[in-house]
Amino acid sequence: MRAVPDRQAASIEFLSRAGRIPLPLASFQAPPQRQGGLAVTQHPQDAQAALRHELAQGLMQQQAQISPKFLYDARGCALFEQITQLREYYPTRTEAAIMAQHEVGMAEAMSGCQVLIELGAGNCEKVRRLCRSVAPQQFVGVDIAVEFLQQAVARLGQDFPQMAARAVAADFTADWHLPPDVPQARRELFYPGSSIGNFDTQQALHMLKHMHSLLNGDGGLLIGIDLPKSLPVLIAAYDDEQGVTAEFNLNVLSHVNRLLGSDFKPQDWEHEACFDPVHSRIEMHLRARQAVMVSWPQGVRYFAQGETIHTENSYKYPLSDFLSMLRAAGFGTTHVWTDERQWFAVIHAHA
């Protein structure tokens, strides 16, 4: 669901995960380059054009949408950090407590790991516990924001000098590939934060299948998922009393204005969080307070009063359903750790 870090990619300010994750973009590959001693895979030069195209295409859908990755410009990241500290927002602290309580069991499940790969690595804070307990020979942080990622991986490498640390900038929600010189034996993928919940079930299954293919039948995946719970708890986590989540959601319009050249006025919109019981997901929307016309270069969209822009999904998978998805993706034996209230689960699935 929501991803925790602050990050910046050259002139493109956004975050890929987190607990929140983007819808798939066009995949890309570029040759590794050396920056500050770290191997980094760079974005193509037309990345901004691709983002503008994605935004314009999303806004022109019958149900207008903005990918959740655009929630995370610099201000969005700071607001999300505030969200993770709110009384109502349980996922971050619940997952952290599970990982602290079951550190030994997780290390045993991942024993023999040679390469630890974190997807949506961000500030690399969540992976530190695993770096201590699993002691991999190499760490690979994967994220879409190269500059922030490079700094975070450099700090991690300084704190664990016995471990080679590497940053790979990639949109891991697409069919991406690790650089060929990353060892293939005993890879362990780490995907925390229940970010898989930002995708519909078919997208999530596709991602899990791709993750499985990266393991070459050797290693495993450690992943966090948010479980179903009472409606008041869910709604409060995405519509807190202090209005921080509302401010976070509305901030995306300012980010879109900078990227797309649009003329959204945030005061014309209001935050809305609702639960879809059919799909077992929280949805975040921005609802037009009045009829508005929004324009951008080569585009215009009329929004009637009450019409919404869909900015995020957060699926709450029943544990048995997600274990079935892992099996469908090709994974084998699983180990599951949960909190006492059964609100959140961390799962290790062997390749």
Side-chain angles (χ1 to χ4, degrees), residues 1-7 13-23 55 58-59 61 63-94 122 193-195 197-198 226 229-260 262-277 279-292 294 301 303-316 343:
M1 297 204 326
R2 300 174 176 172
V4 178
D6 169 27
R7 43 187 96 170
E13 298 176 299
F14 61 81
L15 180 63
S16 75
R17 102 170 140 89
R20 302 168 182 258
I21 290 294
L23 300 175
L55 281 168
L59 290 172
Q61 298 295 317
Q63 168 60 73
Q65 60 182 337
I66 297 172
S67 170
K69 70 175 167 227
F70 296 107
L71 291 162
Y72 296 91
D73 63 353
R75 183 164 181 263
C77 290
L79 288 168
F80 183 72
E81 289 290 346
Q82 293 181 40
I83 289 170
T84 64
Q85 303 301 315
L86 293 173
R87 173 184 55 81
E88 298 96 328
Y89 192 71
Y90 61 85
T92 302
R93 62 175 176 270
T94 306
S194 67
S195 297
N198 289 133
D226 199 17
K229 53 189 63 66
S230 69
L231 185 58
V233 172
L234 287 174
I235 294 297
Y238 293 84
D239 194 10
D240 60 276
E241 289 184 356
Q242 297 181 49
V244 181
T245 305
E247 188 177 358
F248 171 76
N249 197 16
L250 285 163
N251 179 67
V252 75
L253 298 178
S254 298
H255 191 199
V256 170
N257 283 346
R258 293 195 302 274
L259 291 174
L260 185 60
S262 52
D263 56 1
F264 279 103
K265 296 179 177 60
Q267 63 269 27
D268 290 340
W269 301 82
E270 61 185 357
H271 167 69
E272 178 180 273
C274 58
F275 183 71
D276 178 350
H279 296 97
S280 186
R281 72 188 187 194
I282 285 283
E283 294 184 2
M284 285 203 339
H285 291 256
L286 292 170
R287 183 174 296 278
R289 295 177 179 271
Q290 58 192 20
V292 294
V294 179
R301 171 72 186 257
F303 292 92
Q305 182 179 8
E307 193 172 357
T308 72
I309 302 173
H310 190 176
T311 56
E312 185 180 73
N313 287 326
S314 185
Y315 282 79
K316 313 301 174 184
W343 278 11

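Because the structure is a prediction, the values reported are computed rather than measured. Scope of the values below: all heavy atoms of this structure, side chains included, with no hydrogens, waters or symmetry mates. Residue indices begin at 1 and follow the sequence shown.
- The closest side-chain heavy-atom distance from Leu250 to Glu270 is not below 4.5 Å.
- Here Arg289 does not pair with Asp268 in a salt bridge; the nearest charged N to carboxylate O distance is not below 4.0 Å.
- To the nearest 0.5 Å, atom CZ of residue Arg287 and atom NE2 of residue His271 are 12.0 Å apart.
- A pairwise comparison of heavy atoms in Glu88 and Ala236 identifies CB-O, 3.3 Å as the closest pair.
- At least one side-chain heavy atom of Met284 sits under 4.5 Å from a side-chain heavy atom of Thr245.
- To the nearest 0.5 angstrom, Ile235 atom CD1 is 6.5 Å from Cys274 atom SG.
- Here the CG-OH distance, from Leu79 to Tyr72, works out to 10.5 Å after rounding to the nearest 0.5 Å.
- By the 30° and 60° cut-offs, the orientation of the rings of Tyr89 relative to Tyr238 is perpendicular.
- Distance alone, capped at 3.5 Å, is enough to place a donor-acceptor pair between the Asn257 side chain and the Phe264 backbone.
- Atoms NE2 and CD, on His310 and Glu283 in that order, are 4.0 Å from each other to the nearest 0.5 Å.
- Of all heavy-atom pairs spanning Asn313 and Asn198, the tightest one is O-ND2, 2.6 Å.
- For Gln63, the CD atom counts as densely surrounded, since its 6.0 Å shell holds more than 12 non-hydrogen atoms of other residues, nucleotides or ligands.
- Between Leu260 and Leu59 the shortest side-chain heavy-atom distance falls below 4.5 Å.
- Side chains of Ile66 and Leu253 form a contact here, defined as non-hydrogen atoms less than 4.5 Å apart.
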For His255 and Arg75, run side chain to side chain contact (heavy atoms under 4.5 Å, CB included): C-alpha distance rounded to whole Å, both residues' side-chain angles, the deciding distance at 0.1 Å, then the answer.
CA-CA 9 Å; His255 191 199; Arg75 183 164 181 263; over 6 Å; no
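- With contacts defined as side-chain heavy-atom distances shorter than 4.5 Å, the pair Val233/Trp343 qualifies.
- No hydrogens or angles considered: a donor-acceptor pair under 3.5 Å links the side chains of Tyr90 and Asp226.
- Annotation for Arg301 and Ala64: closest pair NH1-CB, 3.8 Å, computed over non-hydrogen atoms.
- No side-chain heavy atom of Leu286 sits less than 4.5 Å from a side-chain heavy atom of Phe303.
- At a threshold of 4.5 Å between non-hydrogen side-chain atoms, the residues Gln242 and Leu86 count as touching.
- Of the inter-residue distances, the one linking Glu247 atom CD with Asp240 atom CG reads 10.0 Å to the nearest 0.5 angstrom.
- Inter-residue side-chain proximity for Trp269 and Asn249 is flagged as unmet; no heavy-atom pair is nearer than 4.5 Å.
- No donor-acceptor pair closer than 3.5 Å links the side chain of Thr94 to the backbone N or O of Pro91.
- In this structure, the separation between NZ on Lys265 and OG on Ser254 is 11.5 Å, given to the nearest 0.5 Å.
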